[in-house]
> 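Provided herewith is a single structure, encoded as structure tokens, for subsequent inquiry.
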Amino acid sequence: MKNAEMGLEPLNRSIAPREAILIRWLMEHGEPGCETLVDQVENLKVISKCNCGCPTVYFALPGNPISRKGERIVSDYLATMDGDLFGAILFEAGGQISSLEVYSCAGVERAF
């Protein structure tokens with residue numbers, strides 16, 4: 001099944017500063033030990049994103065595509081922005097940061 005058919009849009013870009021800030025914050029507030037992944041943040045490449053309009057992204061390290069098989073949550077958090085509840089979940093697989101999911105709890109239609 002192709003990425004587009006799975007709801008993913010292929011990309012090839014460096015991690016954005018705001019993504020790096022959020023990942024670091026999630027690690028500081030995540031499960032014990034996840035801060036050991038922080039050295040990977042600056043080297044992450046965004047290889048795809050969700051095509052529903054949410055800012056969820058999927059990562060690779062240079063020369064090392066990251067499998068999402070066996071992903072596990074290392075940090076998750078809920079926050080309110082502009083009166084709407086949002087969540088952020090950081091995943092790892094095999095000791096590598098694999099994805100950052102950001103979602104609206106209320107199914108907000110506008111971009112966020």
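If you're wondering where the values come from, they're calculated on a predicted model, not measured in any experiment.
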> Is there side-chain contact between Tyr103 and Cys54, with at least one heavy-atom pair below 4.5 Å?
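In short, these two side chains do not touch, never coming nearer than 4.5 Å.
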
> For the residue pair Ile97 and Val41, establish whether any side-chain heavy-atom pair is separated by less than 4.5 Å.
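They are in contact (side-chain heavy atoms under 4.5 Å apart), so the answer is yes.
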
> When you check the gap from the basic side-chain N to the acidic O, do Glu19 and Arg13 get nearer than 4.0 Å?
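Yes, Glu19 and Arg13 are salt-bridged.
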
> Arg18: what forms a salt bridge (charged side-chain N to carboxylate O under 4.0 Å, His left out) with it, not counting sequence neighbours?
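Partners of Arg18 by the salt bridge (charged side-chain N to carboxylate O under 4.0 Å, His left out) criterion come out as none, since no residue qualifies.
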
> Tell me the closest heavy-atom pair linking Asn43 and Pro62, and the distance in Å.
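Closest pair (atom of Asn43, atom of Pro62, distance): O-CD, 3.1 Å.
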
> On a heavy-atom basis, which atom in Ser48 and which in Leu8 lie closest, and how many Å separate them?
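Shortest heavy-atom contact: OG-CD1, 4.1 Å.
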
> To the nearest 0.5 Å, what is the distance between CG (Asp84) and SG (Cys105)?
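Going from the CG atom of Asp84 to the SG atom of Cys105 covers 9.5 Å.
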
> Below 3.5 Å, can you tabulate the donor-acceptor pairs from side chains in residues 21-29 to any protein atom, sequence neighbours excluded?
residue : atom : partner : partner atom : Å
Arg24   : NH1  : Glu42   : OE2          : 3.4
Arg24   : NH2  : Glu42   : OE2          : 2.2
His29   : ND1  : Trp25   : O            : 2.8

> Name all residues meeting the side-chain contact (heavy atoms from CB on, under 4.5 Å) criterion together with Lys45; count only those two or more places apart in sequence or in a different chain, and write none if there are none.
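Listed in chain order: Ser14.
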
> How far does CG of Leu44 sit from CD1 of Ile15, to the nearest 0.5 angstrom?
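The CD1 atom of Ile15 is 5.0 Å from CG of Leu44, to the nearest 0.5 Å.
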
> Tell me, with the steps shown, if Leu85 and Ser104 meet side-chain contact (heavy atoms from CB on, under 4.5 Å).
CA-CA 6 Å; Leu85 188 61; Ser104 164; over 6 Å; no

> Locate the shortest heavy-atom distance separating Gly30 from Ser75; write the atom from each residue and the value.
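Between these two residues, the closest heavy atoms are CA-OG, 3.4 Å.
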
> Answer whether the closest heavy-atom distance between the side chains of Gln96 and Leu61 falls below 4.5 Å.
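The answer is yes, as the side chains (C-beta and beyond) meet within the 4.5 Å cut-off.
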
> Heavy atoms only: give me the nearest Phe59-Leu100 pair and the separation to one decimal.
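Smallest interatomic distance, heavy atoms only, reads CE1-N, 3.7 Å.
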
> State which residues pass salt bridge (charged side-chain N to carboxylate O under 4.0 Å, His left out) with Glu71; sequence neighbours excluded, sorted by chain then number.
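With neighbours one apart ignored, the set is Arg68.
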
> Which donor-acceptor pairs under 3.5 Å do the side chains of residues 32-39 make with protein atoms, sequence neighbours left out?
residue : atom : partner : partner atom : Å
Glu35   : OE1  : Gly33   : N            : 3.2
Thr36   : OG1  : Gly33   : O            : 2.8

> Taking the side chain as every heavy atom from C-beta outward, state whether Phe91 and Glu101 have any atom pair closer than 4.5 Å.
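Result yes, sub-4.5 Å side-chain heavy-atom pair found.
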
> According to side chain to side chain donor-acceptor pair (under 3.5 Å), does anything in residues 86-95 pair up with another residue at least two apart or in another chain? List the pairs.
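Sorted result for residues 86-95: Arg72-Glu92.
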
> Closest approach of Met81 and Phe86, non-hydrogen atoms and distance?
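The pair with the smallest heavy-atom distance is O-CE1, 3.8 Å.
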
